[in-house]
There are 2 protein chains.
Amino acid sequence: MPKKPDPDLTTRCADMLSAMGTEPRLRIMQLLLSAHPTGMIVGDIGSELDIPSSTLSHHLDKLKNEGLVKVRRDGTFLWYTANTDALKELLGFLFDECCSRNKAVKPEEVFQAGR
Amino acid sequence: MPKKPDPDLTTRCADMLSAMGTEPRLRIMQLLLSAHPTGMIVGDIGSELDIPSSTLSHHLDKLKNEGLVKVRRDGTFLWYTANTDALKELLGFLFDECCSRNKAVKPEEVFQAGR
DNA sequence: TCTGTGATTCTATACTTATAGAATCACAGA
DNA sequence: TCTGTGATTCTATAAGTATAGAATCACAGA
């Protein structure tokens with residue numbers, strides 16, 4: 001029996017999708033996931049992706065506001081990490097929408113063990 | 001051995017995420033997935049979500065441009081359907097990024113058979 | 001406490017997106 | 001071919017987002 005859609009969850013997921021819906025920010029997420037669970041400091045993200053510090057700071061702020069990243073301070077360094085709980089929520093939502101109900105998408109077509 | 005990230009795929013996924021990153025358009029996708037594979041005509045989408053026709057038309061155009069929906073004409077009616085191939089690509093990308101490499105997110109935590 | 005480095009916030013600007021009424025186009029039935 | 005309905009395109013405006021230099025804040029080491 002399919003759950004009634006949760007309006008708050010939909011809103012939250014729309015905001016997360018929007019936050020990841022620009023190339024700079026999606027690349028930031030990629031980078032943080034590839035550096036998971038250690039994370040990265042702002043300067044290294046900026047030099048890796050060639051983004052000016054003030055621009056980068058705004059992107060990180062947006063990702064943080066949507067809960068997609070976490071920050072911890074270590075002296076003068078700020079370590080940013082991907083927030084896996086938020087990503088789980090988002091992926092779970094997308095899977096429910098696409099693979100439950102009418103089974104428009106089959107999970108085994110998306111997640112292939114060998115990939 | 002992790003694949004080298006595909007820049008074109010990342011760009012395309014950023015655009016798809018952006019297209020689904022507003023509440024009206026995410027709800028349109030939910031609706032089309034719940035009506036899959038039949039799809040829905042524009043008027044019914046608009047009355048269901050209470051969106052004026054010109055606004056709705058722009059949203060559908062955006063989703064179509066990013067490949068997230070397909071259209072077929074039947075007389076005066078346009079039937080919009082979710083494009084499952086695009087959704088598979090997007091979900092696959094997100095899974096690769098989140099669950100491969102450092103396995104930041106575990107697939108079994110996202111997709112639960114019982115849900 | 002002074003100095004240098006990491007990072008954010010201030011400020012400004014350009015650009016993109018969202019919204020929606022009015023006009024037009026597309027099609028089918030009389 | 002005229003008419004009505006479904007849907008898009010035209011037009012305009014409001015709102016939001018992205019970018020980045022300059023100024024400031026935060027912290028640690030001398």
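Letters go in sequence order (proteins before strands), and every chain restarts at 1.
Straight-line distance from the CE atom of A:M40 to the P atom of C:dA7: 11 Å, rounded to whole Å. Between the CG atom of A:N65 and the P atom of D:dG16 there is a distance of 15 Å, rounded to whole Å. Residue B:I41 contributes atom CD1, which lies 8 Å from atom C1' of D:dG6 at whole-angstrom precision. If you take CG of A:L56 and C1' of C:dG6, they are 12 Å apart, rounded to a whole angstrom. We find that NE2 of A:H58 is positioned 11 Å from P of D:dA18, with the value rounded to whole Å. The CG atom of A:L26 sits 13 Å away from the P atom of D:dA18 (whole-angstrom rounding). In this structure, the OH atom of A:Y80 is 8 Å from the C1' atom of C:dT8, given to the nearest Å. For the pair B:R72 CZ and D:dG6 P, the interatomic distance rounds to 17 Å; values are reported in whole Å.
In this structure, D:dC10 and C:dG21 make a Watson-Crick or G-U wobble pair, each of the two defining distances being under 3.5 angstrom. When both distances must be under 3.5 Å, the Watson-Crick or G-U wobble mate of D:dG16 is C:dC15. Nucleotide C:dA30 has D:dT1 as its partner under the Watson-Crick or G-U criteria, with both atom distances under 3.5 Å.
One distance of note links CG of A:N102 with OG1 of B:T38; it measures 8.0 Å at 0.5 Å rounding. From B:S47, atom OG reaches atom CG of B:D44 across 5.0 Å, with rounding to the nearest 0.5 Å. The structure places CG of B:L31 at 13.5 Å from NE2 of B:H36, a figure rounded to the nearest 0.5 Å. Interatomic distance, CH2 of A:W79 versus CE of A:M40, reported as 8.5 Å (0.5 Å rounding). In this structure, the separation between CG on B:L26 and CG on A:L9 is 9.0 Å, given to the nearest 0.5 Å.
Each of B:L56, B:V42, B:I45 was scored for a side-chain contact (heavy atoms from CB on, under 4.5 Å) with B:I51, with one residue passing: B:L56.
Close to C:dT17, at under 4.0 Å from its OP1 or OP2, lies no side-chain N or O of B:R25. Residue B:T55 has a polar side-chain atom (N or O) positioned under 4.0 Å from OP1 or OP2 of C:dA20. Contact annotation: B:H59 does not reach the phosphate of C:dT17 (side-chain N/O to OP1 or OP2, under 4.0 Å).
Of the listed nucleotides (C:dA18, D:dA22, C:dA20), D:dA22 has the atom at the smallest distance from the side chain of A:S54. The side chain of A:L60 approaches C:dT8 more closely than any other nucleotide in the set D:dT19, C:dT17, C:dT8.
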**Message:** Treating primed atoms plus P, OP1 and OP2 as sugar-phosphate and everything else as base, which nucleotides of nucleotides 24-30 of chain D get B, S or - for protein heavy atoms under 4.0 Å?
**Reply:** --SBS--
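A salt bridge links A:D85 to A:K88: at least one charged side-chain nitrogen sits closer than 4.0 Å to a carboxylate oxygen.
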